[in-house]
Amino acid sequence: MKLPRPLLVALLVLSLIVVPSKADLDDFFNGFGFHFRHGRQQQQQQEQQEQQAQGNDNQDPPGAQVNEPRGSYIAGAYGMGGSPPPPQAVIIPDPAVQPAEPADFKPAQMVITNNLGGLSVGFYDRSCPNAEKIVADWLAELIKTNPSAPANIIRLAFHDCAVGGCDASILLDSIGQGDKVEKGSIFNGMSLKGADLIDDLKMRLEEECPQTVSCADAIAFSANEAMAIAGGVRQRPLGGRRDALNSLATAADQNLASPTATIDQMSAIFRRLGFNQEEMVVLLGAHSVGTAHCDLFMDRVYNFRNTQKPDPVLPLPYVEDLRRLCANPGTPQFRNPNVNFDETPYALDNRYFKNLVQNKALLLSDSSLKDDPRTGPTVRQMAEDDTLFPKRFAELFTKMTTFNVLTGLLGEVRKTCRSTNN
């Protein structure tokens, strides 16, 4: 039988069609699904960024309090227990990249990370756009009459972050239950300065943007600016911290080191904050600025371990200098003055480490760093390179100020830093 011409053409076309296998079909649809999901992820990312921008304009109403686990850059958790904040490109040191031994130390690798416990650069760009400028102008004006202010603020920030997290708990005068607050700890007390300075800064921020910038961020922002003024590498601060509702002296007693602490004791404290021993040594370089009262080290000068002699480690000329500064111990004439940690008390430089190498350390805890094999190599490395310490300190100081922060709806934004809102 002769088939019609149109039918022959149709049969020829069908013979050329290749029927795909099941595997081919699976690959096709999986590929389509990937591109669909990828496009949806980009859309969701854009929506999250828009929501964050709106969120900074519409902060939580005064008094909003939720007692939930904190966010922590160190621990890698998030304040609300959910997804991480929208991506915010910030260069910070990777805590996972650590040298095996201090002798093998190399500057930490730098990574782009969004795991900041809810913190971000430019957090107040919309809700209080002048916040960072207010802090910078305030501190620039302050140091004209109070050149010790940067050192006091840097120390205040560390004492705040080391006790439960960077949450301004150190600024509270009372908590209502009658318990002694962190200010009353033997490790703070009269020797801790800077709280009154933050009161003044907070007042200026409140005048510009009422109940918007937290006391915790006021500490962190001013400490960041103080570090830059003193010689650290300047960087824009991370914002978004909220203020604690509680403060306990007992917590400070357990988490701050004494002037006679051993390497093991200090290492345990810094380990809880997420720092290894190399990082601990660098952060202790904050003693490059500031002073210490004579009573914190005077036994090393006059009666080391009840020997009626100075610490044999101290060079004799250094002992004589300290005796002139800390004269008349045990008499009514003794004034317990402040003594500079090094010859450049307003500069965040490596002079502190150079003095350690020469056994010229005020505190016994600092003196032990040079000769311990776990910390000595880092001390010498910082002493030998004038540019390394300011850069390394800035990296680690940023990391420290992200420790165990309150974000989102946790805590509150205080109206005044000395008391909670309720």
Side-chain angles (χ1 to χ4, degrees), residues 56 59-60 62-74 77-80 85 116-124 127-128 131-132 134-135 138-139 152-173 175 181-183 188 192 194-206 209-227 236-248 251-252 255 273 397-421:
N56 285 352
Q59 298 231 346
D60 305 316
Q65 301 173 5
V66 179
N67 293 320
E68 296 184 14
R70 298 178 180 220
S72 172
Y73 164 59
I74 305 300
Y78 292 91
M80 298 307 295
L116 299 169
L119 304 181
S120 62
V121 169
F123 183 83
Y124 297 106
S127 59
C128 192
E132 293 176 30
I134 290 171
V135 173
W138 164 80
L139 190 54
N152 294 334
I153 293 170
I154 289 171
R155 183 167 180 250
L156 180 73
F158 178 80
H159 280 230
D160 181 43
C161 292
V163 184
C166 307
D167 56 11
S169 56
I170 197 167
L171 299 179
L172 290 173
D173 284 342
I175 54 175
V181 295
E182 290 174 33
K183 283 182 178 179
N188 291 322
L192 186 69
D196 58 329
L197 304 180
I198 303 300
D199 287 338
D200 180 56
L201 174 59
K202 175 66 170 174
M203 182 178 66
R204 300 188 184 204
L205 291 168
E206 286 293 303
C209 310
Q211 208 168 354
T212 300
V213 181
S214 67
C215 298
D217 273 348
I219 294 176
F221 281 29
S222 59
N224 180 75
E225 185 66 18
M227 176 192 66
R236 199 172 175 197
L238 297 165
R241 300 166 190 80
R242 286 168 66 90
D243 300 326
L245 305 173
N246 202 12
S247 177
L248 291 173
N255 289 282
L273 300 176
F397 193 75
T398 296
K399 175 181 173 180
M400 183 194 73
T401 59
T402 65
F403 176 66
N404 208 26
V405 294
L406 297 169
T407 58
L409 294 177
L410 302 178
E412 64 180 8
V413 176
R414 295 181 204 148
K415 299 175 184 177
T416 61
C417 293
R418 291 179 176 268
S419 63
T420 60
N421 293 335

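Residue numbers start at 1 and run along the sequence shown. Since the model is a prediction, treat every value here as computed from it, not as a measurement.
For the pairing with Pro237, the side chain to side chain contact (heavy atoms under 4.5 Å, CB included) check across Thr398, Thr401, Asn224 returns one residue only, Asn224.
For Asp243 against Ala168, the heavy-atom pair with the smallest separation is OD1-CB, 3.8 Å. The shortest non-hydrogen separation linking Gln211 to Val413 is NE2-O, 3.0 Å. Listed here is the closest heavy atom pair of Cys161 and Leu273: O-CD2, 4.1 Å. Heavy atoms only, all atoms of each residue included: Leu406 and Gly411 are closest at CD1-CA, 4.2 Å. When all heavy atoms of Glu206 and Val213 are compared, the closest pair comes out as OE2-O, 4.4 Å. The minimum heavy-atom distance linking Glu182 with Asn188 is given by the pair O-ND2, 2.8 Å.
Atom OG1 in Thr407 sits 7.0 Å away from atom CG in Leu119 (nearest 0.5 Å). With values rounded to the nearest 0.5 angstrom, Trp138 atom CH2 is found 13.5 Å from Phe221 atom CZ. In this structure, SG in Cys417 is found 11.0 Å from CG in Asp200, a value given to the nearest 0.5 Å. In this structure, CD1 in Ile198 is found 13.5 Å from OG1 in Thr416, a value given to the nearest 0.5 Å.
Side-chain atoms of Ser247 come within 3.5 Å of backbone atoms of Ser169 as a donor-acceptor pair (strictly under, hydrogens ignored). Within the 3.5 Å criterion, the main-chain N or O of Met400 finds no donor-acceptor partner in the side chain of Thr402.
Applying the salt bridge (Lys or Arg N to Asp or Glu O under 4.0 Å) test to pairs two or more places apart or on separate chains, those with a residue in residues 215-227 are Asp217-Arg241, Glu225-Arg234.
For the pair Arg414 and Asn421, the minimum side-chain heavy-atom distance is below 4.5 Å. At least one side-chain heavy atom of Ile153 sits under 4.5 Å from a side-chain heavy atom of Leu139. Side chains of Cys166 and Ile219 form no contact here, defined as non-hydrogen atoms less than 4.5 Å apart. Tyr124 places a side-chain heavy atom less than 4.5 Å from the side chain of Ser214. Counting heavy atoms from C-beta outward, Arg418 and Lys202 have side chains that stay 4.5 Å or more apart. Put simply, the side chain of Phe397 reaches to within 4.5 Å of the side chain of Ile154, judged on heavy atoms. At least one side-chain heavy atom of Asp167 sits under 4.5 Å from a side-chain heavy atom of Asp160. Under the 4.5 Å side-chain criterion, counting only non-hydrogen atoms from C-beta, Leu156 is in contact with Leu171.
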